[in-house]
Visitor: 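Pasting in a structure now, in structure tokens, and then I'll have a few things to ask.
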Amino acid sequence: MSDSGTLTTTGLVALTDVNKHFGDLHVLKDINLSIDQGEVVVVIGPSGSGKSTLCRAINRLEPIDSGSIMLDGQPLPSEGKALAKLRADVGMVFQSFNLFAHKTILQNVTLGPTKVRRQGKSEAEQKARALLDRVGVGAQADKYPAQLSGGQQQRVAIARALAMDPKVMLFDEPTSALDPEMIKEVLDVMVDLAGQSMTMVVVTHEMGFARRAANRVVFMADGQIVEEAEPEKFFTDPQTKRAQDFLSKIL
Ligand code: ADP
Ligand code: MG
């Protein structure tokens, strides 16, 4: 972690009064959210409630209209090398695995560290192989993405983000494009990561994951954070009507 002596906002990631519009559509409404180092926050809510936009705002794939987002005490940079570094510091795993189809699994993982982190090739490869082993796909290192199952590709995507030594990992519905039998192998990797004190923001409706790994559930609806609680409390005793209605549909 950086040595931020003038830190005014607590939390490794701190969103203060964040607003975002797409034209007339107000998609993030006065979002206040602070995430501590090592904390695992699950974000759930109906489709269209702003969950993906929230994630994309944290690594500045979407600029915000007002408010502030701080990472490790610093405002998010908006351009240039600082922005590339931010994207490395904030690892992101999407629903669609987004691997480079014409690069091998190993090359997918070493690309960022060699280009953005300026690591040497052999150091990057050594580290990539260790990460691929850690997520259970070490034997696939020399294959191409299309030769792997969806669950394997998603685990490669996680290894690729981890190779950058991120300060925080964002997961946007990482298992929703997977066949049921592959969901567990991806969630197991995420639970393992949570157990190793990675700071994580996870958009998912996988209650099992939330219960096993999350410190906090944030329920979003209509661009707002409507309710926040520990997972057990949220799932068994939701306080707002909107959360109750939502849970009655998905549980
Ligand atoms: P969620 O991930 O919770 O389903 P999103 O953050 O993807 O929600 O979307 C929130 C709202 O913003 C939705 O109404 C969606 O249609 C809209 N939206 C998302 N991205 C864009 C965009 N690039 N341009 C216009 N509208 C968008
Ligand atoms: Mg989404």
Side-chain angles (χ1 to χ4, degrees), residues 13-35 40-69 71 76 78-79 83 86-87 90-99 150-151 153-154 157-158 161 166 168-180 182-183 186-187 190 199-210 213-214 216-229 231 234-235 238 240-251:
V13 182
L15 291 85
T16 309
D17 297 330
V18 169
N19 282 280
K20 168 77 184 175
H21 297 76
F22 287 115
D24 290 339
L25 194 65
H26 196 175
V27 289
L28 296 179
K29 300 174 181 166
D30 290 321
I31 298 288
N32 286 285
L33 180 64
S34 176
I35 301 161
V40 177
V41 173
V42 159
V43 180
I44 74 170
S47 175
S49 57
K51 305 178 302 294
S52 293
T53 305
L54 178 77
C55 286
R56 292 166 58 81
I58 295 174
N59 74 353
R60 223 179 180 288
L61 287 170
E62 293 291 355
I64 57 175
D65 300 334
S66 66
S68 82
I69 303 179
L71 176 67
L76 300 188
S78 57
E79 56 189 19
L83 181 59
L86 171 78
R87 299 266 164 78
V90 181
M92 182 130 183
V93 175
F94 301 89
Q95 178 176 330
S96 53
F97 326 122
N98 294 13
L99 298 176
Q153 289 187 57
Q154 193 61 303
I158 294 171
V168 51
M169 287 279 286
L170 309 177
F171 295 84
D172 190 0
E173 304 209 29
T175 59
S176 52
L178 297 176
D179 292 334
M182 292 171 191
I183 291 176
V186 172
L187 292 178
M190 293 166 59
T199 307
M200 296 164 65
V201 177
V202 184
V203 178
T204 185
H205 294 162
E206 293 286 340
M207 304 301 148
F209 173 80
R216 185 162 38 134
V217 171
V218 168
F219 174 68
M220 282 185 76
D222 193 25
Q224 289 173 302
I225 294 179
V226 173
E227 189 164 340
E228 288 183 63
F234 180 76
F235 294 125
T240 59
K241 175 130 189 349
R242 277 206 273 191
Q244 289 160 5
D245 288 347
F246 176 74
L247 288 173
S248 74
K249 285 180 197 134
I250 63 163
L251 289 180

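One-based numbering, in listed order, for ligands and for the atoms of each. Predicted model only: the values in this text are computed from it and were never measured. All residue numbers in this chain count up from 1 along the given sequence.
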Visitor: What residues, two or more places apart in sequence or in another chain, satisfy salt bridge (charged side-chain N to carboxylate O under 4.0 Å, His left out) together with Arg56?
Guide: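 Scan of Arg56 (salt bridge (charged side-chain N to carboxylate O under 4.0 Å, His left out), adjacent residues dropped) gives Glu62.
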Visitor: So which protein heavy atom does atom 7 (O) of ligand 1 come closest to, and at what separation?
Guide: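 Heavy-atom neighbour on the protein nearest atom 7 (O) of ligand 1: Ser52 CB, 3.6 Å.
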Visitor: Between Asp245 and Lys249, is the closest basic N to carboxylate O distance under 4.0 Å?
Guide: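 Salt bridge flag = no for Asp245 with Lys249.
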Visitor: Between Thr175 and Leu178 (side chain of the first, backbone of the second, donor and acceptor by atom type, cut-off under 3.5 Å), is there such a pair?
Guide: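 The answer is no, because no donor-acceptor pair under 3.5 Å joins these two groups.
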Visitor: Determine whether Met169 and Ile158 make a side-chain contact, defined as any pair of heavy atoms from C-beta on separated by less than 4.5 Å.
Guide: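 Sidechains of Ile158 and Met169: in contact.
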Visitor: The Mg ion (ligand 2): which protein N, O or S atoms are under 2.8 Å away?
Guide: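 Within the sphere that stays under 2.8 Å of the Mg ion (ligand 2), the protein atoms of type N, O or S are Ser52 OG.
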Visitor: Quick check on Cys55 - does any of its heavy atoms sit under 4.0 Å from an atom of ligand 1?
Guide: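 No, that is not the case, since the closest heavy atom of the residue is not under 4.0 Å from the ligand.
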Visitor: On a heavy-atom basis, I'd like to know which of Val203, Thr53, Asp172, Leu61 is closest to atom 9 (O) of ligand 1.
Guide: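 The option holding the nearest heavy atom is Thr53.
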Visitor: Should Leu33 and Val218 count as side-chain neighbours, where that means a heavy-atom distance under 4.5 Å?
Guide: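 With C-beta onward as the side chain, the pair touches.
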Visitor: With distance as the sole test, does Arg60 use its side chain to make a donor-acceptor pair with the main-chain N or O of Glu79 at under 3.5 Å?
Guide: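 No; judged by distance alone, with no hydrogens or angles, the pair does not exist.
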Visitor: Number the atoms of ligand 1 from 1 as they appear, then name those within less than 4.0 Å of a heavy atom of Pro46, with their elements.
Guide: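 Result: 3 (O).
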Visitor: Give the residue and atom name of whichever protein heavy atom lies nearest to atom 27 (C) of ligand 1, and the separation in Å to one decimal.
Guide: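 Its nearest protein heavy-atom neighbour is Phe22 CD1, 3.2 Å.
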Visitor: Report the nearest protein non-hydrogen atom to atom 10 (C) of ligand 1: residue, atom name, distance rounded to 0.1 Å.
Guide: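 Going atom by atom, the protein heavy atom closest to atom 10 (C) of ligand 1 ends up being Gly48 O, 3.4 Å.
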Visitor: Tell me every residue that passes side chain to side chain donor-acceptor pair (under 3.5 Å) with Glu206, counting only those two or more places apart in sequence or in another chain.
Guide: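 Not a single residue meets the side chain to side chain donor-acceptor pair (under 3.5 Å) criterion with Glu206.
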Visitor: Sorted by first residue and then second, give each salt bridge (charged side-chain N to carboxylate O under 4.0 Å, His left out) pair with at least one member in residues 21-31; sequence neighbours left out.
Guide: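 Residue pairs passing salt bridge (charged side-chain N to carboxylate O under 4.0 Å, His left out), neighbours aside: Lys29-Asp222.
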Visitor: Are Lys20 and Phe22 in a cation-pi contact, defined as NZ or CZ under 6.0 Å from the six-membered ring centre and within 45° of the axis?
Guide: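 Pair Lys20/Phe22 counts as cation-pi.
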Visitor: I'd like to know if atom 15 (C) of ligand 1 has any protein heavy atom within a distance of less than 4.0 Å.
Guide: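 When distances to the protein are checked, atom 15 (C) of ligand 1 has no heavy atom within 4.0 Å.
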Visitor: Can a protein heavy atom be found under 4.0 Å away from atom 24 (N) of ligand 1?
Guide: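 Yes, there is one.
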Visitor: Flag the pair Leu15 / Ile58 as yes when at least one side-chain heavy-atom distance between them is below 4.5 Å, and no otherwise.
Guide: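 Yes, side chains in contact.
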Visitor: Hey, does Gly50 come in under 3.5 Å of ligand 1, counting only N/O atoms on both sides?
Guide: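 Looking only at distances, the answer is yes, because the N/O contact criterion of under 3.5 Å is met.
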Visitor: Taking the non-hydrogen atoms of Ser49, is any one of them nearer than 4.0 angstrom to ligand 1?
Guide: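 Ser49: in contact with ligand 1 (<4.0 Å).
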Visitor: Report, in ascending order of atom number, the atoms of ligand 1 lying under 4.0 Å from any heavy atom of Leu25.
Guide: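 That gives atoms 12 (O), 14 (O), 17 (C) of ligand 1.
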Visitor: Measure from atom 12 (O) of ligand 1 to every heavy atom in Val27, Val43, Leu28 and give the option owning the shortest one.
Guide: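 Residue with the shortest heavy-atom distance to the ligand atom: Val27.
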Visitor: Give me the residue, atom name and distance of the protein heavy atom closest to atom 3 (O) of ligand 1.
Guide: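 Among all protein heavy atoms, the one nearest atom 3 (O) of ligand 1 is Lys51 NZ, 2.7 Å.
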Visitor: Measure up the His26 and His21 rings against each other and bin them: parallel (under 30°), tilted (30 to 60°), perpendicular (over 60°).
Guide: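 It falls in the parallel class, under 30°.
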Visitor: Taking the side chain as everything from C-beta on, heavy atoms only, tell me whether Ile225 gets closer than 4.5 Å to Asn32.
Guide: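 A side-chain contact under 4.5 Å is absent here.
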Visitor: Judging by distance only, is a nitrogen or oxygen of Glu62 under 3.5 angstrom from one on ligand 1?
Guide: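 No: no nitrogen or oxygen of Glu62 is under 3.5 Å from one in ligand 1.
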Visitor: Please test Val90 against Leu71 for side-chain contact (heavy atoms from CB on, under 4.5 Å), starting from the C-alpha separation and ending with a verdict.
Guide: CA-CA 9 Å; Val90 181; Leu71 176 67; 3.6 Å; yes
